[in-house]
> 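Could you have a look at this structure, given as structure tokens, before my questions?
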There are 2 protein chains.
Amino acid sequence: MSVNIHEIARRCNVSIATVSRVLNNKGPVKPSTREKVLQVAREMNYRPNSSARSLSTRKTDTIGVILPELVDEFFMSLIHELDEVAHKYGKYLLISSSHSSRNDMETIYEFMAGGRVDGIIIMAPKINKQIQNILKNNIRPVVLLNCDVPHNYAVRIKIDNYHGARSVTKHLIEHGYKRIAMVKGPSGNQDAESRWNGFMQEMEANGLAVNEKLILEGDFTLRSGYYAFLRLLNMDSTEKPEAIFFANDMMALGAYHAAHVLKIKFPEDIAVVGFDDIFTGRIVHPGLTTVHMPISEMGRKSMEYLIKLIEGEEELIGHEEVLSTGLVIRESCGCTQNWLPGDI
Amino acid sequence: MSVNIHEIARRCNVSIATVSRVLNNKGPVKPSTREKVLQVAREMNYRPNSSARSLSTRKTDTIGVILPELVDEFFMSLIHELDEVAHKYGKYLLISSSHSSRNDMETIYEFMAGGRVDGIIIMAPKINKQIQNILKNNIRPVVLLNCDVPHNYAVRIKIDNYHGARSVTKHLIEHGYKRIAMVKGPSGNQDAESRWNGFMQEMEANGLAVNEKLILEGDFTLRSGYYAFLRLLNMDSTEKPEAIFFANDMMALGAYHAAHVLKIKFPEDIAVVGFDDIFTGRIVHPGLTTVHMPISEMGRKSMEYLIKLIEGEEELIGHEEVLSTGLVIRESCGCTQNWLPGDI
DNA sequence: CTGAAAGCGCTTACAG
DNA sequence: CTGAAAGCGCTTACAG
């Protein structure tokens with residue numbers, strides 16, 4: 001249908017080889033014929049067919065992105081950043097999330113073995129043996145996000161949940177709270193485990209005992225935070241926590257919801273902190289003290305590393321990088337308001 | 001590098017034509033050779049090369065998605081839904097947002113003329129003549145989202161901002177408010193204009209005069225809502241509005257921010273409503289009354305239409321569909337709490 | 001500086 | 001039911 005290289009060649013009275021050479025700026029071409037070809041191509045709105053080119057060069061200029069889900073600010077920010085960087089390097093993004101029906105493996109295989117992409121960025125809850133085999137046996141490079149698998153075949157980027165959790169726990173301790181509760185994330189979840197470890201070790205490092213009753217498990221949802229909060233509030237006053245560390249902001253927001261119903265005030269009645277630094281935590285009152293996730297940085301670095309790998313920097317393979325988190329102090333922890341009107 | 005059809009053919013002692021036939025379930029093949037081929041293909045983990053296949057069939061099984069930006073719940077929900085439906089039909093998603101450096105036209109052209117996709121879903125603030133020409137002159141089908149251009153070459157799906165605005169305005173009027181202010185979105189913006197029209201017409205239909213001073217223009221950001229709110233509050237009591245309709249939730253949330261600083265209570269001191277139904281509006285206290293955008297529906301329908309177009313249902317071309325919005329009543333308008341503890 | 005030709009990995013009439 | 005061959009639109013040694 002659309003114009004191809006033969007048509008250009010015909011109109012310019014040259015061979016397709018010559019046309020290809022000028023279009024790709026490769027090999028010597030007489031300036032005058034170069035001009036001619038360029039002009040005709042422009043006039044005809046010529047665009048090389050990407051399939052044909054890929055078939056021949058084995059390059060697609062496409063990056064595969066596989067994410068566990070496509071909900072939340074988290075993934076939107078990540079995609080946003082991936083898109084920015086990809087665009088900067090002239091790459092396109094083939095995005096997919098894990099689905100119940102078509103599992104990750106299928107998608108990964110289609111992307112990799114089907115030759116749809118030049119490389120792949122994966123964030124998957126579980127990278128099983130089968131997937132690892134696919135990744136290992138494919139020449140196309142891989143960047144793994146927040147994954148906890150052997151990775152001598154891939155670049156791996158992680159977020160430092162552990163130290164983030166320690167720092168926010170430390171912050172609570174510095175406020176003088178001693179009975180600190182934690183609402184954990186779901187067991188088995190990578191992020192949840194690290195945050196939990198960080199909390200425990202910081203408590204221990206400060207000689208604070210952790211009352212087992214003050215450790216609840218949630219599932220990262222608003223709802224589970226809401227109920228965990230209710231349970232904690234119902235303890236008798238000798239045990240009731242002075243502060244609660246929710247393993248993510250969403251659960252902390254569940255507590256906000258309950259607090260409104262019960263007329264409980266943060267931080268006067270009880271202090272709460274979260275983890276993730278989602279937008280809503282900035283807006284609620286009082287502002288939610290939390291830990292910032294370096295999502296943009298994760299997006300940027302993963303894309304940059306992948307592109308370098310694609311360009312052949314093999315010495316990067318096996319590289320691991322841990323991105324640090326940052327404490328975001330607002331008011332729910334007991335600090336006084338640290339923003340001015342207008343500072344929004 | 002990876003195994004190809006020749007290798008399969010060689011091992012099965014058949015021609016590549018036969019292999020191709022069984023792989024595509026096309027043409028007659030003796031059951032026993034079919035079995036053999038299938039087995040060998042499985043053993044070798046064979047996967048057809050997508051570029052080669054596309055080059056030959058002119059199909060990519062890929063859908064191009066071009067969005068104005070990749071931030072906000074709005075786009076995340078949209079992408080989420082597109083991904084769901086695409087996956088259901090075995091399609092892949094090539095996603096790009098508008099960029100300053102590479103404009104939409106470039107991307108669209110690369111997707112369409114470069115043969116990277118079978119069809120395209122576009123949501124772009126401005127579809128200029130040049131882009132329209134590209135779309136019109138390409139055989140590949142197009143679905144336009146919330147666009148206001150002639151579209152006899154594309155399916156177009158819009159959201160009914162106008163009636164959404166009327167219904168939320170009506171709701172305020174039914175509460176007995178007479179001096180109702182509106183903080184508009186940026187002029188020139190499609191959604192902003194429709195919402196503004198809806199507001200004006202509903203006011204008029206109820207015989208309510210609109211004081212020009214009560215009409216402010218924002219730019220859909222938190223910040224602009226914050227300042228608009230401050231300005232409205234500073235009016236003298238004879239003019240000061242009893243209720244404010246913010247053209248989107250984000251601006252309404254700016255008002256929440258200011259309200260906390262100034263110790264102003266919604267809806268006791270002043271009622272506020274928004275538009276969009278973003279997550280944060282559910283969490284803040286009091287809950288923000290707003291208008292729900294049928295984003296998932298938009299995503300689902302646009303993908304389904306596009307796939308039908310790709311499959312050749314030409315009679316759909318030119319079809320336009322307007323999706324209705326829905327009033328979401330919470331408490332910021334003056335209604336009493338309509339959710340129970342635990343109902344989150 | 002340029003062109004003829006092979007090849008990338010597939011699909012698909014066509015002939016048998 | 002099967003295979004040889006052409007073709008999809010490019011790139012790239014190779015020869016001139």
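Fair warning: this is a prediction, and the values are worked out from it, not measured in the lab. Throughout, a chain's letter reflects where its sequence line sits, starting with A, and its residues are numbered from 1.
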> What is the distance, rounded to the nearest whole Å, between atom CG of Asn24(B) and atom C1' of dT11(C)?
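Result: 7 Å.
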> Report, one line per pair, each donor and acceptor closer than 3.5 Å where one atom sits in a side chain of residues 63-77 of chain A; sequence neighbours left out.
{"from": "Glu73(A)", "atom 1": "OE1", "to": "Phe279(A)", "atom 2": "N", "distance (Å)": "2.8"}
{"from": "Glu73(A)", "atom 1": "OE2", "to": "Phe279(A)", "atom 2": "N", "distance (Å)": "2.9"}
{"from": "Ser77(A)", "atom 1": "OG", "to": "Glu73(A)", "atom 2": "O", "distance (Å)": "2.9"}

> Treating Asp118(B) as the side-chain partner and Asp61(B) as the backbone partner, does any N or O pair qualify as donor plus acceptor under 3.5 Å?
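Yes, Asp118(B) side chain to Asp61(B) backbone: donor-acceptor pair under 3.5 Å.
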> Which comes earlier along DNA chain C counting from the 5' end, the contact point of Ala17(B) or that of Leu55(B), where each point is its nearest nucleotide?
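Taking each residue's closest nucleotide, the earlier one in sequence belongs to Leu55(B).
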> Can you list everything that forms a side chain to side chain contact (heavy atoms under 4.5 Å, CB included) with Ser56(B)? Sequence neighbours excluded, please.
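With sequence neighbours excluded, Ser56(B) shows a side chain to side chain contact (heavy atoms under 4.5 Å, CB included) to no residue whatsoever.
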> Roughly, in whole Å, what's the span from CG in Asp61(A) to P in dC10(D)?
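Those two atoms, CG and P, are 15 Å apart.
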> Name all residues meeting the salt bridge (charged side-chain N to carboxylate O under 4.0 Å, His left out) criterion together with Glu84(A); count only those two or more places apart in sequence or in a different chain, and write none if there are none.
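Per chain and number, Glu84(A) pairs via salt bridge (charged side-chain N to carboxylate O under 4.0 Å, His left out) with no residue.
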> With Arg34(A), which residues qualify under salt bridge (charged side-chain N to carboxylate O under 4.0 Å, His left out), at least two apart?
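Arg34(A) satisfies salt bridge (charged side-chain N to carboxylate O under 4.0 Å, His left out) with no residue once adjacent residues are dropped.
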> Kindly say if Thr18(B) contacts the phosphate of dG3(D), meaning a side-chain N or O under 4.0 Å from OP1 or OP2.
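Checking Thr18(B) against dG3(D): at least one side-chain N or O falls below 4.0 Å of OP1 or OP2.
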> Contact class for Ser20(B) (heavy atom, under 4.0 Å): base, sugar-phosphate, or nothing?
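Touches a base.
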> What nucleotide, of dT2(D), dC10(C), dC8(D), holds the atom closest to the side chain of Asn49(B)?
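It is dC10(C).
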> Do Asp191(B) and Asn146(B) have side-chain N/O donor and acceptor atoms under 3.5 Å apart?
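Asn146(B) and Asp191(B) do have a side-chain donor-acceptor pair below 3.5 Å.
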> Using atom CG of Asn4(A) as one end and atom C1' of dG7(D) as the other, report the distance to the nearest whole Å.
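Spelled out: CG on Asn4(A) to C1' on dG7(D) is 12 Å.
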> Does Pro48(B) reach a base, just sugar-phosphate, or nothing at all? Heavy atoms under 4.0 Å.
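The residue Pro48(B) makes sugar-phosphate contact but no base contact.
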> For residues 7-17 of chain B, pull every pair meeting salt bridge (Lys or Arg N to Asp or Glu O under 4.0 Å), keeping only residues two or more places apart or in separate chains.
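The answer is Glu7(B)-Arg10(B), Glu7(B)-Arg11(B).
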> Take atom CZ of Arg47(A) and atom P of dC10(D), then tell me their distance rounded to the nearest Å.
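Whole-Å distance recorded here is 12 Å.
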> Measure the distance from CZ on Arg58(B) to C1' on dT12(C) and round it to the nearest whole Å.
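Distance check: Arg58(B) CZ to dT12(C) C1' gives 14 Å.
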> Tell me the interatomic distance from Lys30(A), atom NZ, to dC1(C), atom C1', rounded to whole angstroms.
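Taking atom C1' of dC1(C) as the reference, NZ of Lys30(A) is at 8 Å.
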> Could you check how far CG of Asn25(B) sits from P of dT11(C), rounded to whole Å?
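Spelled out: CG on Asn25(B) to P on dT11(C) is 12 Å.
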> Under 4.0 Å, counting only non-hydrogen atoms across every strand here, what does Thr33(B) touch: a base, just sugar-phosphate, or nothing?
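Contact class for Thr33(B): sugar-phosphate only.
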> What is the distance, rounded to the nearest whole Å, between atom CZ of Arg116(B) and atom C1' of dG9(D)?
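Taking CZ of Arg116(B) and C1' of dG9(D), I get 14 Å after rounding.
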> From the options dC1(C), dC1(D), dC10(D), select the nucleotide whose nearest atom is closest to the side chain of Tyr46(A).
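Closest nucleotide among those given: dC10(D).
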> Output all residues satisfying ring-ring contact (aromatic ring centres under 6.0 Å, His included) with Tyr305(A), sequence neighbours left out; order by chain, then residue number.
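Checked Tyr305(A) against ring-ring contact (aromatic ring centres under 6.0 Å, His included); matches are His319(A).
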> Partners of Ser302(B) by side chain to side chain contact (heavy atoms under 4.5 Å, CB included), sequence neighbours excluded?
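Side chain to side chain contact (heavy atoms under 4.5 Å, CB included) check on Ser302(B) returns Leu82(B), Ile121(B), Val143(B), Leu145(B), Ile157(B).
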> Could you please name the option among dT2(D), dG9(D), dT2(C) that lies closest to any side-chain atom of Val29(A)?
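Selected nucleotide: dT2(C).
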> Where the side chain of Ser54(B) meets the backbone of Lys59(B), is there a donor-acceptor pair that is under 3.5 Å apart?
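Yes, Ser54(B) side chain to Lys59(B) backbone: donor-acceptor pair under 3.5 Å.
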> Name every residue in residues 5-16 of chain B that has at least one heavy atom under 4.0 Å from any atom of DNA chain C, in order of residue number, or write none if there are no such residues.
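Nucleic-acid contacts, sorted: Ile5(B), Ile16(B).
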> Can you tell me which stems DNA chain D forms, taking runs of 3 or more consecutive Watson-Crick or G-U pairs with both distances under 3.5 Å?
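C:1-3 with D:14-16, C:5-12 with D:5-12, C:14-16 with D:1-3 - these are the stems of 3 or more pairs that involve DNA chain D.
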> I'd like to check the salt bridge (charged side-chain N to carboxylate O under 4.0 Å, His left out) partners of Arg116(A); sequence neighbours left out, ordered by chain and number.
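Arg116(A) satisfies salt bridge (charged side-chain N to carboxylate O under 4.0 Å, His left out) with Glu110(A) once adjacent residues are dropped.
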> Kindly write out the residues that satisfy salt bridge (charged side-chain N to carboxylate O under 4.0 Å, His left out) with Glu297(A), not counting sequence neighbours, or none if the list is empty.
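For Glu297(A), the residues satisfying salt bridge (charged side-chain N to carboxylate O under 4.0 Å, His left out) (neighbours in sequence not counted) are Lys301(A).
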> I'd like to know if Arg47(A) pairs up with Glu106(B) as an ion pair, taking the criterion as any Lys NZ or Arg NE/NH1/NH2 lying under 4.0 Å from an Asp or Glu carboxylate oxygen.
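Yes.
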> Looking at Lys26(A), I'd like to know whether one of its side-chain N or O atoms comes within less than 4.0 Å of OP1 or OP2 on dT12(D).
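So the side-chain polar atoms of Lys26(A) do come within 4.0 Å of the phosphate oxygens OP1 or OP2 of dT12(D), strictly under.
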> Anything under 3.5 Å between a protein N or O and an N or O of nucleotides 14-16 of chain D, put it in a table, one pair a line.
none

> Please confirm whether the shortest side-chain N or O distance from Arg53(B) to OP1 or OP2 of dT11(C) is below 4.0 Å.
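So the side-chain polar atoms of Arg53(B) do come within 4.0 Å of the phosphate oxygens OP1 or OP2 of dT11(C), strictly under.
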